[in-house]
Amino acid sequence: MEKSIGARLLCVAESIPPCETLVDCGCDHGYVSIYAAAHGKAERITASDINRGPLDNAEREILAAGLSGKIKTVRTNGLDGIEPHDCVVIAGMGGELIADIISRAPWTKDGCTLVLQPMTRSEVLREYLYREGFEIKSEKIVSEGKHIYCVIVATYAEKTDYLPYEKYISRAGISDPRAREYTQKVLSRLRFEFERKCSSGAFSEEEKKRGERDIRSLDEVVSSL
């Protein structure tokens with residue numbers, strides 16, 4: 001029987017395009033790998049994790065699902081030592097960590113599709129993607145419990161231009177039905193952090209201007225939704 005994986009991971013799994021090879025980086029219990037294998041998303045899947053405990057859990061779940069022939073497990077840090085794959089899934093980590101993992105795998109710029117679900121600091125991840133020439137092809141907004149998340153699909157396209165608001169939601173993400181709810185929450189956090197840093201004197205004049213510009217840009221997007 002296929003296990004329910006929750007709205008967040010289901011959105012991640014459904015965002016995987018049909019491909020030959022897939023790596024589920026930071027696989028935890030392996031639920032995304034199992035869904036992808038069971039639904040024919042990929043022919044061969046690598047489920048990786050840095051910790052032995054989660055990998056043991058994944059191996060048990062994969063075995064119980066009868067998918068050991070399609071999914072192999074690897075213990076490694078991020079994508080270190082993993083050969084090029086057609087698609088990479090990285091879900092459930094902070095935006096900074098996801099960006100770092102991608103930066104250490106230059107083959108992700110060679111025809112690879114990235115399916116990314118940051119838990120925090122998605123703006124850091126988006127800015128990294130833009131700066132490195134990736135294009136965000138789609139962005140879905142999904143809620144689970146009291147939390148709301150984004151799922152980003154990106155490919156390398158040598159595209160580096162972006163507007164200030166695009167760090168906080170991509171152009172593709174604006175068309176999502178929950179874009180207004182998502183951007184309002186991001187804007188509230190942004191304003192709170194900005195005011196706190198201004199009060200503590202943690203901002204340089206240049207950082208303050210940049211923060212004001214970002215808030216103004218995102219506020220215009222929220223008003224238009």
Side-chain angles (χ1 to χ4, degrees), residues 1-17 22 24-39 41 47-51 53-58 60-62 64-65 78 87-102 114-129 136-154 165-170 172-196 215 218-219 221-222 225:
M1 182 188 302
E2 186 175 316
K3 289 191 175 182
S4 173
I5 61 176
R8 177 179 65 88
L9 289 183
L10 181 60
C11 185
V12 171
E14 289 180 338
S15 297
I16 298 170
L22 166 71
D24 179 9
C25 178
C27 66
D28 197 24
H29 283 74
Y31 293 150
V32 170
S33 295
I34 292 168
Y35 182 98
H39 290 261
K41 291 280 189 175
S48 73
D49 206 285
I50 191 173
N51 295 311
L55 213 55
D56 287 341
N57 291 333
R60 283 193 293 269
E61 296 288 349
I62 292 165
C87 181
V88 171
V89 171
I90 312 177
M93 303 182 198
E96 301 98 329
L97 180 55
I98 295 175
D100 179 65
I101 289 171
I102 297 168
L114 303 175
V115 180
L116 313 171
Q117 187 275 300
M119 298 295 279
T120 59
R121 299 299 177 190
S122 62
E123 66 269 21
V124 174
L125 176 58
R126 289 191 198 86
E127 190 166 29
Y128 167 81
L129 293 172
I136 295 179
K137 308 294 287 186
S138 73
E139 182 170 355
K140 298 176 184 176
I141 311 301
V142 58
S143 59
E144 186 173 85
K146 296 181 179 179
H147 302 285
I148 188 165
Y149 307 97
C150 65
V151 177
I152 294 168
V153 176
Y165 80 83
E166 290 182 78
K167 290 190 294 183
Y168 305 99
I169 188 168
S170 66
I174 287 177
S175 62
D176 189 277
R178 296 184 178 177
R180 181 174 177 81
E181 178 188 2
Y182 178 79
T183 50
Q184 282 179 324
K185 289 195 173 186
V186 173
L187 185 58
S188 294
R189 172 176 63 82
L190 203 60
R191 282 175 169 152
F192 174 79
E193 291 175 351
F194 180 80
E195 291 170 4
R196 184 180 60 184
I215 289 172
L218 188 57
D219 193 25
V221 170
V222 173
L225 293 174

Practice item. Step by step, work out the salt bridge (Lys or Arg N to Asp or Glu O under 4.0 Å) result for Glu139 and Arg126. Key: CA-CA 11 Å; Glu139 182 170 355; Arg126 289 191 198 86; 2.6 Å; yes
Practice item. Determine, stepwise, if the pair Leu190 / Tyr168 fulfils side-chain contact (heavy atoms from CB on, under 4.5 Å). Key: CA-CA 10 Å; Leu190 203 60; Tyr168 305 99; 3.6 Å; yes
For the residue pair [X] and [Y], what are the closest heavy atoms and their distance?
| X | Y | value |
| --- | --- | --- |
| Leu187 | Ile215 | CD1-O, 3.9 Å |
| Ala58 | Cys27 | CB-SG, 4.0 Å |
| Tyr182 | Tyr149 | CE1-C, 4.3 Å |
| Cys87 | Ile16 | SG-CG2, 4.1 Å |
| Ala7 | Ser143 | CB-O, 3.6 Å |
| Cys11 | Val151 | SG-CG2, 3.7 Å |

Under 3.5 Å: donor-acceptor pair, side chain of [X], backbone of [Y]:
| X | Y | value |
| --- | --- | --- |
| Arg180 | Val222 | yes |
| Asp49 | Asp28 | yes |
| Glu144 | Arg8 | yes |
| Ser122 | Pro118 | no |
| Gln117 | Gly92 | yes |
| Asn51 | Gly53 | no |
| Asp176 | Ile141 | yes |

Check your understanding: For Tyr165, which residues count as a side chain to side chain donor-acceptor pair (under 3.5 Å) partner, sequence neighbours excluded?
Key ->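 Not a single residue meets the side chain to side chain donor-acceptor pair (under 3.5 Å) criterion with Tyr165.
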Exercise for review: Report yes if the side chains of Val12 and Val89 come closer than 4.5 Å at any heavy-atom pair, otherwise no.
Suggested key: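 SC-SC contact between Val12 and Val89 confirmed.
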Exercise for review: State, with a plain yes or no, whether a side-chain heavy atom of Cys25 is found less than 4.5 Å away from one of Ile101.
Suggested key: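 Yes, their side chains come closer than 4.5 Å.
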Atom [atom1] in [X], atom [atom2] in [Y]: separation rounded to 0.5 Å?
| X | Y | atom1 | atom2 | result |
| --- | --- | --- | --- | --- |
| Met119 | Leu97 | CE | CG | 12.5 Å |
| Tyr31 | Leu9 | OH | CG | 9.5 Å |
| Cys150 | Ile169 | SG | CD1 | 8.0 Å |
| Lys41 | Ser15 | NZ | OG | 7.5 Å |
| Ser170 | Lys137 | OG | NZ | 11.5 Å |
| Leu125 | Ile152 | CG | CD1 | 5.0 Å |

Check your understanding: When the ring planes of Tyr35 and His39 are compared, do they come out parallel, tilted or perpendicular, using 30° and 60° as the limits?
Key ->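 Ring orientation of Tyr35 relative to His39: parallel.
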Taking side chain to side chain contact (heavy atoms under 4.5 Å, CB included) as the test, write out the residues that go with [X], two or more places apart.
| X | result |
| --- | --- |
| Leu114 | Val88, Ile102, Thr108, Cys112, Leu116, Leu129, Phe134 |
| Asn57 | His29, Arg60 |
| Ala64 | none |
| Ile50 | Asn77 |

Point to revise | Which residues share a salt bridge (Lys or Arg N to Asp or Glu O under 4.0 Å) with Glu193, sequence neighbours left out | key: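 Scan of Glu193 (salt bridge (Lys or Arg N to Asp or Glu O under 4.0 Å), adjacent residues dropped) gives Arg121, Arg189.
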